[in-house]
Protein chains: 2
Amino acid sequence: MWALSTYEGGTAYHHGDLRRSLIAAAQELLRSGGAEAVTLREAARLAGVSHNAPYRHFASRDALLAALAAEGFRALRRTLDEAGNRAEGPERLAALGRAYLRFADADRATFRLMFGGVVEKAAHPDLAEASGAAFGALRNVVAERDTSGGAEREALRAWALVHGLAHLVADRQIDAARAEACLS
Amino acid sequence: MWALSTYEGGTAYHHGDLRRSLIAAAQELLRSGGAEAVTLREAARLAGVSHNAPYRHFASRDALLAALAAEGFRALRRTLDEAGNRAEGPERLAALGRAYLRFADADRATFRLMFGGVVEKAAHPDLAEASGAAFGALRNVVAERDTSGGAEREALRAWALVHGLAHLVADRQIDAARAEACLS
DNA sequence: GGGGCATGTGGGCATTGTCAACATACGAGG
DNA sequence: CCTCGTATGTTGACAATGCCCACATGCCCC
């Protein structure tokens with residue numbers, strides 16, 4: 001067969017790790033055409049399987065999107081953790097902010113899927129957990145900076161500021177450099 | 001015919017103001033089921049016309065979504081203008097912020113359509129204009145507060161803070177009251 | 001080595017976006 | 001008043017998609 005896809009693998013009939021291949025294919029669709037372009041049948045085509053094979057791994061298209069979003073939250077968490085480990089003291093929060101912004105800028109489609117409300121977190125426990133973990137990482141560092149009485153409010157403000165900047169970047173309302181300059 | 005829809009009107013064949021009816025129907029679909037639920041055929045059904053009638057008013061499903069988003073930006077601008085007129089001096093910015101948050105909270109689906117990247121502003125001039133006007137209203141008031149050298153940066157910060165809070169509210173990460181408490 | 005079960009296949013159905021051809025009515029100009 | 005052009009709406013069709021069903025295949029455990 002000409003043009004064997006990179007997402008194929010394993011034997012002819014049993015794929016080997018179709019779930020991962022489908023996610024990889026779907027990520028490519030997501031990044032190149034947005035959430036609308038993520039199609040079970042197209043992902044199956046890219047993975048070199050029949051149009052119904054994905055249903056052995058994802059209950060529905062929504063479940064596939066949820067998996068993509070969860071993957072995004074896990075990646076975001078890794079990014080935040082790394083940034084947090086490389087900085088110390090008062091620099092730490094700004095480092096997290098920069099990491100957050102760079103994540104949004106580097107993978108706008110995934111960021112929008114994560115926060116666009118297309119997938120309902122309540123319906124996908126895996127997603128909810130990944131999302132909670134990522135937010136936890138951010139909240140911890142935010143709260144550690146300010147231990148006074150108004151910590152709660154300040155933490156929320158910092159979070160909202162970064163989140164808003166990230167959305168503006170993802171929507172191309174401002175560019176990433178200008179957004180980074182806004183972090184105190 | 002039983003169950004005449006509120007979106008119908010005019011004579012039997014020629015509807016009268018189908019464009020407006022379609023937008024109203026689509027808004028209902030948007031609010032009750034999100035952007036995914038906005039369907040040309042369902043909107044046509046609600047308006048009591050054939051499945052192809054909408055094409056006389058919208059070139060594509062995307063054009064209909066763009067019209068909904070533009071309508072949203074116009075409503076946001078009206079809301080911001082009213083809020084700005086009712087307040088004076090330093091209170092003015094906070095009033096705009098509250099209006100912004102309430103808009104996002106009251107019509108989460110429309111807010112997400114406006115900022116979710118589902119419709120490409122570049123492809124719909126009407127949308128781009130409405131969006132620009134709404135942002136202009138916000139930016140003017142933001143910039144008026146701080147006329148020092150760092151006005152640009154402070155304006156962007158204020159905008160991002162409100163925008164981030166609005167997204168968090170729309171995604172139900174925090175509730176509207178907590179968000180409003182964050183506005184200085 | 002045989003059977004159970006996870007995994008993949010093929011066909012089918014309803015829904016949708018979009019195109020093309022046709023039908024109808026409103027309004028301007030005679 | 002009539003007629004004809006054009007805006008508006010209708011019917012029919014096609015491909016793509018999500019999802020369901022019955023069936024095929026092959027890996028693993030007994």
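Numbers restart at 1 for each chain; the letters A, B, ... are given by sequence-line order, proteins then strands.
- Residue A:Arg45 contributes atom CZ, which lies 9 Å from atom P of D:dG18 at whole-angstrom precision.
- The side chain of A:Leu40 sits closest to D:dC19 out of C:dT9, D:dG9, D:dC19.
- One donor-acceptor pair, N or O on each side, does fall under 3.5 Å between the base of C:dG8 and the side chain of A:Arg56.
- Residue whose closest nucleotide on DNA chain C sits further toward the 5' end, between A:Ser50 and B:Ala59: A:Ser50.
- The aromatic rings of B:Phe111 and B:His163 are tilted relative to each other, their planes meeting at an angle between 30° and 60°.
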Checklist entry - So B:Glu129 and B:Lys121, side-chain contact (heavy atoms from CB on, under 4.5 Å) or not? Walk me through it. => result CA-CA 9 Å; B:Glu129 188 204 322; B:Lys121 275 201 266 283; over 6 Å; no

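- Rounded to whole Å, the distance from CZ on B:Phe58 to P on C:dC19 is 16 Å.
- In this structure, CZ of B:Arg61 is placed 8 Å from P of C:dT18, rounded to the nearest angstrom.
- When all heavy atoms of B:Leu40 and B:Ser60 are compared, the closest pair comes out as CD1-C, 4.1 Å.
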Next on the checklist: Let's go through B:Glu91 and B:Arg86 carefully: what are the C-alpha distance in whole Å and the side-chain angles of both, what is the deciding distance for salt bridge (Lys or Arg N to Asp or Glu O under 4.0 Å) to 0.1 Å, and is it a yes or a no?
Outcome noted: CA-CA 10 Å; B:Glu91 260 305 303; B:Arg86 266 202 298 273; over 6 Å; no

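- One atom, CG of A:Leu64, and another, P of D:dT17, lie 14 Å apart when rounded to the nearest Å.
- Dashed line: the shortest gap from a side-chain N or O of B:Tyr55 to OP1 or OP2 of C:dT18 is under 4.0 Å.
- In this structure, CG of B:Leu46 is placed 11 Å from P of C:dT16, rounded to the nearest angstrom.
- Atom CZ of B:Arg19 and atom P of D:dT8 are 11 Å apart (whole Å).
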Next on the checklist: Pair A:Arg112, A:Asp171 - check salt bridge (Lys or Arg N to Asp or Glu O under 4.0 Å), show working.
Outcome noted: CA-CA 9 Å; A:Arg112 282 206 278 236; A:Asp171 289 350; 3.0 Å; yes

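- Using a 4.5 Å heavy-atom threshold, the side chains of B:His51 and B:Arg45 count as separate.
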Donor-acceptor pairs under 3.5 Å, side chain of residues 70-80 of chain A to any protein atom, not counting sequence neighbours: which ones?
from: A:Arg74; atom 1: NH1; to: A:Asp126; atom 2: OD1; distance (Å): 3.4
from: A:Thr79; atom 1: OG1; to: A:Ala75; atom 2: O; distance (Å): 3.0

Please list, for nucleotides 13-15 of chain D, all pairs of protein and nucleotide N/O atoms separated by less than 3.5 Å.
none

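- Nearest nucleotide to the side chain of B:His57, out of C:dT9, D:dT10, D:dG9: D:dG9.
- Counting to the nearest Å, the P atom of C:dG17 and the CD atom of B:Glu36 are 12 Å from each other.
- If you check every strand for non-hydrogen atoms under 4.0 Å, B:Thr39 touches sugar and phosphate atoms only.
- The nearest whole Å value for the distance from the CZ atom in A:Arg20 to the C1' atom in C:dT7 is 17 Å.
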